[in-house]
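Order of appearance sets the numbers: ligands from 1, and atoms from 1 within every ligand. Predicted model only: the values in this text are computed from it and were never measured. Heads up: numbering here begins at 1 and tracks the sequence.
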Amino acid sequence: MSPTTIDLRSDTVTQPTPAMLDAMSRAAVGDDVLGEDPTVLRLQSEAAAYFGMEAALFCPSGTMTNQIAIRVHTRPGDEVICADLAHIYLYEGGGIAANSGASVRLLGGDRGRFTADAVRAAVNKRSDAHLPWTRLVAIENTVNKGGGACWTLEALEQIRAVCDEQGLAYHLDGARLFNAIVATGQDPKRFGELFDTVSICLSKGLGAPVGSLLLGSREHIARAHRLRKMFGGGMRQAGYLAAAGLYALEHHIDRLRDDHALAQSAAALLAPLPWVAQVLSVETNLVICRLQPHVAADAVLAHLAQDGIKASTMGPDLVRFVMHLDVPAAVIERLKASLTTFVAA
Ligand SMILES: *Cc1c(COP(=O)(O)O)cnc(C)c1O
């Protein structure tokens with residue numbers, strides 16, 4: 001058994017750093033349900049300014065920010081267009097149906113990235129009373145199940161044009177948007193211009209213990225504020241958590257490059273292995289590999305676990321490795337030692 005466990009299951013497993021804990025312990029707080037927590041207010045205004053958006057709302061999770069956004073944009077019976085790989089569809093407990101009473105039109109694509117033409121073709125005619133009213137297009141960037149794939153601004157702009165033409169709202173699930181921004185050099189304010197609402201997670205690559213923000217117009221965020229209360233997400237002295245988020249925004253964005261470099265190194269180790277069929281080309285901090293048909297993802301995880309390395313599966317033949325703040329420098333050495341001794345049964 002190796003000395004320390006290396007946890008590559010997700011970028012959510014990080015511990016707050018000593019400097020982050022220090023910032024948290026010194027936070028000025030108040031009752032945020034009454035709108036009186038100065039640190040929450042500062043986090044909301046700094047995050048909104050970063051994306052050039054009018055307002056922001058601090059929430060307990062990315063799932064809640066997405067679910068609130070979907071509820072803001074839809075009415076029961078409406079339809080939401082998203083990718084077949086979308087987190088809002090696959091991993092939010094059926095929340096689109098339960099929280100908003102909306103149905104979903106799934107689009108295939110390249111690692112969760114679909115085209116403006118596919119969106120246009122999926123929009124239902126409003127004049128036909130049989131059809132659910134298409135109301136919202138939701139994008140994910142980076143695409144989690146697409147192995148951290150990033151969208152081009154051109155593709156996002158083309159879909160914005162379809163939304164304008166068809167009267168649709170446009171939401172971005174940006175749980176890992178900071179990874180996309182660092183990887184591509186895209187201007188964060190372009191996302192603020194293109195989308196009606198954007199959700200971002202502070203508790204993924206940025207390393208905060210808890211928290212997500214929904215960004216949008218003052219009007220959308222005012223409605224989101226009511227819905228957060230209805231969903232039970234109003235928090236009292238939340239400034240302690242917001243302080244972690246502020247610290248993360250100020251200190252943990254640029255370092256995402258290090259995670260991306262480690263992900264490239266891990267992909268280079270995986271690609272030549274005889275039991276690996278394909279490694280999705282690495283764009284950010286996620287590495288997904290598809291195994292040869294006779295190899296089970298669970299067997300690979302069990303072997304890695306014996307060497308003190310945790311990874312996760314994204315299907316019976318898919319293994320995912322995620323690089324993050326708490327990954328030690330020795331990760332590539334340790335991964336190499338373990339991966340090269342796996343024998344497919
Ligand atoms: C993690 C994640 C979320 C939200 O996650 P929470 O665990 O609820 O904070 C949303 N979308 C994507 C793409 C994610 O990876």
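Residue Asn66 is tested with Glu92, His87, Glu140 for a side chain to side chain donor-acceptor pair (under 3.5 Å); the sole match is Glu92.
Between His171 and His73, the ring planes are tilted. Angles from 30° to 60° get that label.
With a 4.0 Å cut-off on non-hydrogen atoms, Thr63 touches ligand 1 through its backbone as well as its side chain. Within the 4.0 Å heavy-atom criterion, neither part of Ile88 lies near ligand 1. Of the heavy atoms in Ala175, only side-chain atoms (C-beta onward) come closer than 4.0 Å to ligand 1.
Here the protein heavy atom with the shortest distance to atom 6 (P) of ligand 1 is Gly62 N, 3.6 Å. Nearest protein heavy-atom contact of atom 11 (N) of ligand 1 is Asp173 OD2, 2.6 Å.
Taking the charged nitrogens against the carboxylate oxygens, Asp259 and Lys204 have no contact shorter than 4.0 Å, which rules out a salt bridge. Looking at Arg190 and Glu193, a side-chain N of the basic residue comes within less than 4.0 Å of a carboxylate O on the acidic one, giving a salt bridge.
Shown in contact with Lys204 at under 4.0 Å from a heavy atom are these atoms of ligand 1, numbered in order with element: 1 (C), 2 (C), 3 (C), 4 (C), 5 (O), 14 (C), 15 (O). Applying the 4.0 Å criterion to heavy atoms of Asn66 picks out, from ligand 1, the atoms 10 (C), 11 (N). Near Ser61, meaning under 4.0 Å from one of its heavy atoms, ligand 1 places the atoms 8 (O), 9 (O). Set against the non-hydrogen atoms of Glu140, the atoms of ligand 1 under 4.0 Å away are 13 (C). Below 4.0 Å from some heavy atom of Glu92 lie the following atoms of ligand 1, by number and element: 10 (C).
Considering every non-hydrogen atom in both Thr14 and His324, the closest pair reads CG2-ND1, 3.5 Å. Here the shortest heavy-atom pairing between Val327 and Val322 reads CG2-O, 4.3 Å. For the pair Arg228 and Cys59, the tightest heavy-atom approach, listed with the atom from each and the gap, is CD-SG, 3.8 Å.
Nearest to atom 10 (C) of ligand 1 by heavy-atom distance, out of His87, Lys145, Gln67, Arg176, is His87.
Arg113 and Asn141 share no donor-acceptor pair across their side chains, judged by distance under 3.5 Å alone.
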